[in-house]
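Worksheet: one structure, shown below.
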Amino acid sequence: DNALIPKQVVADVTIIVDDMNDNTPQFEKESYQQTVSNPTQTGEFVLGVTALDRDIGGNGRVVYTLSGSDKLVINAQTGILTANGLLSAPGQTIVCFVKAQDEGDTKRSSTVNVTVTVSDISSSNRPFFTTFPTNPLSLGENTGKGQRLTTVLATSSSGNGVHYYIAGGNVGQSFTVGQTTGDLTVLKPVDYEMTQSFDIWIEARDASNQALSTYRKMVINIQDLNDNTPRFAQPLYSPTVKEEEPSGLTVVQIMASDGDSGVNGQLTYRFSSDEAAFGIDATTGVITTKTRLDREHIDEYNLVVEAVDQGLQPLTGSTTVRITVLDINDNRPKFTRNFNIEIPEDLAVGSFIIQVTSSDDDIGENARVTYSIIKNPVNNMTNQPLFKIDPTSGNITLLSKLDAELHGGPNRGLQIQITASDRAHATHADVNVYVADVNDNTPQFQQPLRFSLIEGSPEGTTVGKVSATDADIK
């Protein structure tokens, strides 16, 4: 802050960058050429193509399709081409096209040319595997580079040695095999959320004759780790609820997702701190009221909701739920004070006398007050109302001429009864107006003013008594 001795506070801000589908799948090669053994039986491995997409999630998940030939079939997830029938004609050439398309909302794709030629050399002398895992292997996601999974060994009937290669199914170039050792190791960490299993085709190739190769599939199942934090669909929820509704009212349902699987992806919901006014269903994320809400007491609640997964080391995501309590017209207007005023009797018609004011704990239209007079003193001479009130401002003005001598009474007071209404409720009050007398009347002698006097009356003799009256008030 800007105080003489400034103070500060620090907070962590987490920014999550969401992916958009802005990358097209790219094949590792501009074209693929492969020579297959003669014969190649139905279902046997022919070729593996791989396209990489740098996006994540569905935007980066690639699906393969084959066109241009019915002699081959392709695995849509792995890009592995296998024979759709016996391939045994020496020198036979098959030309086809493979399309790689991602699964984004607006899909992107690329296509590559594939040429397959049937060897004119007999495959009877192909190498054969002597050591190869018969059961699927298991690998935890995010396993570090260099971790060895297994070792494969093959023997060449020619006795010239064998070289090993990954021929297909190596999605994302996640694995590598030692060319001479046959050690299969992790090349880069794998992500369960992208690929749950790999069908890796291992090639054992005769070191002296590249046309002699044997292929075998190895299945690697990826084990999910709790490496994804739950994420809410919205960083901020802003529901509204009316005040004074019965408890148990549904306010909003919040939703989170977790990219992990099994218990690692199962979520429960909770508040980050105890909430007296609201409850949350741990399974569905539905937030309900636990009591009647009073907007005049609290008009907004800011709740922090957490989604917790069920992993051994649980991960937590959070969001804010800002609940606005809507006003209903449940409060009466209240006059702000007692209204008493003294005015002179010769005050001009139309003059301002007093403004009445009120307050209403509601807001908006529910607090909009209009004023009216329900009992109005009248001019005793004309029988006309003495006062009027502006319904919006509450200003009271003089409507008819006053006369203290007519309207005075014992305490020279007039009482106006007014009301303040907000359309649902009305409140009454009295305005006491005291009329002050002014000297507006001339004294008047009383009759008669004629007296009789006897001639010769001595000095000091009373002749008579005169009297006068004044209409003004003492």
Side-chain angles (χ1 to χ4, degrees), residues 1 7 9-16 18 229-258 267-309 316-337 355-372 391-394 418-429:
D1 56 33
K7 295 183 178 181
V9 65
V10 178
D12 292 330
V13 178
T14 301
I15 300 175
I16 299 174
D18 287 325
T229 300
R231 290 186 61 186
F232 282 91
Q234 299 175 214
L236 174 66
Y237 293 79
S238 302
T240 59
V241 60
K242 287 184 178 180
E243 64 174 328
E244 298 299 336
E245 293 286 343
S247 61
L249 180 70
T250 295
V251 178
V252 68
Q253 181 177 22
I254 50 97
M255 298 288 291
S257 59
D258 191 311
L267 302 179
T268 58
Y269 301 95
R270 68 188 184 193
F271 293 128
S272 63
S273 59
D274 291 338
E275 294 294 341
F278 300 94
I280 187 168
D281 189 290
T283 303
T284 64
V286 172
I287 296 175
T288 55
T289 57
K290 293 166 60 176
T291 185
R292 289 179 182 268
L293 305 179
D294 183 2
R295 189 207 62 81
E296 289 73 40
H297 179 57
I298 300 177
D299 61 357
E300 185 178 272
Y301 294 84
N302 286 288
L303 314 178
V304 176
V305 179
E306 296 177 338
V308 186
D309 64 33
T316 301
S318 64
T319 188
T320 299
V321 180
R322 182 171 297 155
I323 301 173
T324 300
V325 182
L326 301 179
D327 185 52
I328 65 171
N329 200 350
D330 59 342
N331 289 280
R332 290 180 175 275
K334 293 176 289 186
F335 285 101
T336 55
R337 61 185 178 89
Q355 182 184 33
V356 296
T357 54
S358 64
S359 64
D360 193 313
D361 289 337
D362 295 316
I363 59 174
E365 288 297 319
N366 294 332
R368 191 181 301 278
V369 174
T370 57
Y371 301 97
S372 60
T392 303
S393 67
I418 60 172
T419 183
S421 173
D422 63 6
R423 295 181 301 172
H425 310 282
T427 301
H428 306 295

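Values below: all heavy atoms of this structure, side chains included; hydrogens, waters and symmetry mates excluded.
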[atom1]/[X] to [atom2]/[Y] distance, rounded to the nearest 0.5 angstrom?
X: T283; Y: L267; atom1: OG1; atom2: CG; result: 10.5 Å
X: R337; Y: T357; atom1: CZ; atom2: OG1; result: 6.0 Å
X: D258; Y: D309; atom1: CG; atom2: CG; result: 5.0 Å
X: T392; Y: R368; atom1: OG1; atom2: CZ; result: 8.5 Å
X: I280; Y: Q253; atom1: CD1; atom2: CD; result: 9.5 Å
X: M255; Y: Y237; atom1: CE; atom2: OH; result: 8.0 Å

**Asked** Between Y301 and F278, what is the ring plane arrangement, given parallel below 30°, perpendicular above 60°, and tilted in between?
**Response** perpendicular

Does any part of the side chain of [Y], heavy atoms only, come nearer than 4.5 Å to the side chain of [X], both counted from C-beta?
X: S238; Y: L236; result: yes
X: N366; Y: D360; result: no
X: D330; Y: R295; result: no
X: V305; Y: F271; result: yes
X: E243; Y: E296; result: yes

**Request:** Write down the atom of P333, the atom of T427, and the distance for their closest heavy-atom approach.
**Result:** O-OG1, 2.6 Å

**Request:** Taking all non-hydrogen atoms of both residues into account, name the closest pair between Y371 and S358 and its distance.
**Result:** OH-OG, 2.8 Å

Keeping [X] on the side-chain end and [Y] on the backbone end, is there a donor-acceptor pair under 3.5 Å?
X: D362; Y: N329; answer: no
X: Y269; Y: I287; answer: no
X: E245; Y: L293; answer: no
X: R332; Y: A426; answer: yes
X: T289; Y: L249; answer: yes
X: E306; Y: T316; answer: no

**Prompt:** For E365 and R423, what are the C-alpha separation, side-chain angles and deciding distance, and is it a side chain to side chain contact (heavy atoms under 4.5 Å, CB included)?
**Reply:** CA-CA 9 Å; E365 288 297 319; R423 295 181 301 172; 3.4 Å; yes

Return all side-chain donor-acceptor pairs below 3.5 angstrom for residues 318-325, not counting sequence neighbours, or 'none' if the list is empty.
residue: T319; atom: OG1; partner: Q234; partner atom: O; Å: 2.8
residue: T319; atom: OG1; partner: P235; partner atom: O; Å: 3.0
residue: R322; atom: NE; partner: N302; partner atom: OD1; Å: 2.8

**Message:** Between K334 and D361 (salt bridge meaning N to carboxylate O under 4.0 Å), is one present in this structure?
**Reply:** yes

**Prompt:** More than 12 non-hydrogen atoms from neighbouring residues, nucleotides or ligands closer than 6.0 Å to NZ on K242, yes or no?
**Reply:** no

